[in-house]
Number of protein chains: 2
Amino acid sequence: MSAERAERLARQFKAIADPNRLRLVSLISASAGNEACVCDLTEPLGLGQPTVSHHLKVLVDAGILHREKRGVWAYFSIVPGALDSLAGVLTEAR
Amino acid sequence: MSAERAERLARQFKAIADPNRLRLVSLISASAGNEACVCDLTEPLGLGQPTVSHHLKVLVDAGILHREKRGVWAYFSIVPGALDSLAGVLTEAR
DNA sequence: GACGGATATCGATGGTTGTCAATACTCAGC
DNA sequence: GCTGAGTATTGACAACCATCGATATCCGTC
C-alpha cells in the first residue's frame with residue numbers, strides 16, 4: 001500500500017474512530033428517511049450543540065456524511081457507498 | 001448503539017486509523033506465511049525500530065494483530081476475523 | 001427590518017498521540 | 001557467564017484533538 005493511499009484512508013478511518021462519531025453514524029442510519037438534523041442528535045449523545053456540529057463537520061469533510069440545508073435545519077445523511085469502500089479495505093487485507 | 005459498544009469499537013478503529021499502521025497491516029497480510037517480524041517492517045516504512053514496535057503493540061492491544069516470539073524474533077500475524085468484524089460494523093450501518 | 005430559533009465558527013484548554021533517543025530486556029551461541 | 005542481535009520500554013517533546021463557552025451567521029416569521 002502506498003504512503004499516499006494509507007494517508008487518505010487513515011483520514012477516513014480517523015473520522016469514524018471516535019465513540020461519539022460512531023454513534024452519530026449509527027443514529028443517522030437508524031433514523032426515519034436515513035437522515036437527521038443536529039437538534040435530533042445532541043440529546044441522545046449528551047453533548048453540546050457546538051460539539052455535535054463539530055463532529056458532523058469532521059464526518060462531512062471525510063466524505064462519510066452528506067449535509068443538506070433545508071430552511072433553518074441542516075439534515076445529515078450517509079454518503080452511499082462511503083462506508084462500504086472502507087469496509088472493503090478491511091476485508092481485502094485479511 | 002450503546003456508549004459502551006461505541007467506546008470499544010472506537011478503540012479498534014483508532015488502532016487502524018493511522019497511515020503507518022494501515023501499511024503495517026497491509027505489509028503483514030502480503031508477506032509470505034502471512035506473518036512478519038519487526039526487522040522486515042522498519043525499512044519499508046522508513047521509521048525507527050522503537051516506533052514500529054510501538055505501532056505493532058497498539059495493533060496487538062486492539063486485538064488486530066497476534067504476536068508470537070520464536071527465538072529472538074517476534075512474528076506478527078493478523079488475528080483471523082478481527083478485520084472482518086470491524087468491516088461488518090461499517091456495512092451494517094449503511 | 002426586527003426577532004427568535006437552528007446551526008456554524010472561534011478561542012481556549014486539558015488530554016491524547018506519534019516520533020525519537022536512550023536504555024533495558026531476551027535469547028542464542030560461544 | 002559474556003557477547004551480540006532483535007525487540008520492548010521509558011522519558012520527553014511537539015502536534016493534534018475533543019470539549020466547552022461565547023459569539024456569529026443564516027433563515028423564517030411577524
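Lettering follows sequence order; numbering is per chain, from 1.
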Tightest non-hydrogen contact, residues B:Ala62 and B:Gln12, listed as O-OE1, 3.3 Å
Are any of the side-chain heavy atoms of B:Val79 and B:Val60 separated by less than 4.5 Å? no
At 4.0 Å (heavy atoms only), tell me whether B:Arg70 reaches a base, stays on the sugar-phosphate, or touches nothing. nothing
Show me the side-chain donor-acceptor pairs of residues 27-41 of chain B shorter than 3.5 Å, one per line, residues at least two apart or across chains.
{"unit_1": "B:Ser29", "atom_1": "OG", "unit_2": "B:Ser26", "atom_2": "O", "d": "3.2"}
{"unit_1": "B:Ser31", "atom_1": "OG", "unit_2": "B:Leu27", "atom_2": "O", "d": "2.7"}
{"unit_1": "B:Glu35", "atom_1": "OE2", "unit_2": "B:Arg70", "atom_2": "NH2", "d": "2.9"}

May I ask you to say what A:Arg21 touches in the nucleic acid, namely base, sugar-phosphate or nothing, with a heavy-atom cut-off under 4.0 Å? sugar-phosphate
For A:Val72, side-chain contact (heavy atoms from CB on, under 4.5 Å) partners two or more places apart: none
Salt bridge (Lys or Arg N to Asp or Glu O under 4.0 Å) contacts in which one or both residues fall within residues 75-85 of chain B, not counting sequence neighbours: A:Arg94-B:Asp84
Would you say the side chain of A:Leu83 lies within less than 4.5 Å of the side chain of A:Val25, judging by non-hydrogen atoms? yes
Could I get the full list of side-chain contact (heavy atoms from CB on, under 4.5 Å) partners for B:Arg5, not counting sequence neighbours? B:Met1, B:Ser2, B:Arg8, B:Leu9, B:Val89
Answer with base, sugar-phosphate or nothing: what part of the nucleic acid does B:Phe76 contact at a heavy-atom distance below 4.0 Å? sugar-phosphate
Sub-4.0 Å heavy-atom contacts from residues 23-55 of chain A onto DNA chain D, ordered by number: A:Leu47, A:Gly48, A:Pro50, A:Thr51, A:His54, A:His55
Tell me, please, the opening and closing nucleotides of DNA chain D, 5' to 3', among those with an atom under 4.0 angstrom from a non-hydrogen atom of chain A. D:dA18 to D:dG28
Which residues pass the side-chain contact (heavy atoms from CB on, under 4.5 Å) test with B:Val58, sequence neighbours left out? B:Ala15, B:Arg21, B:His54
Does the side chain of B:Leu65 reach to within under 4.5 Å of the side chain of B:Ile78, using non-hydrogen atoms? yes
Partner residues of A:Lys57 under the salt bridge (charged side-chain N to carboxylate O under 4.0 Å, His left out) criterion, sequence neighbours left out: A:Asp61
Segment of DNA chain C, first to last nucleotide, that comes within the 4.0 Å heavy-atom reach of chain A: C:dG5 to C:dT9
Can you find a heavy atom in the side chain of B:Phe76 that is under 4.5 Å from one in the side chain of B:Leu24? no
Listed by chain and number, what are the salt bridge (charged side-chain N to carboxylate O under 4.0 Å, His left out) partners of A:Glu7, not counting sequence neighbours? none
Would you please name every residue forming a side-chain contact (heavy atoms from CB on, under 4.5 Å) with B:Ser85, sequence neighbours left out? none
Which ones in residues 10-20 of chain B lie close to DNA chain D, meaning a heavy atom under 4.0 Å from one of its atoms? none
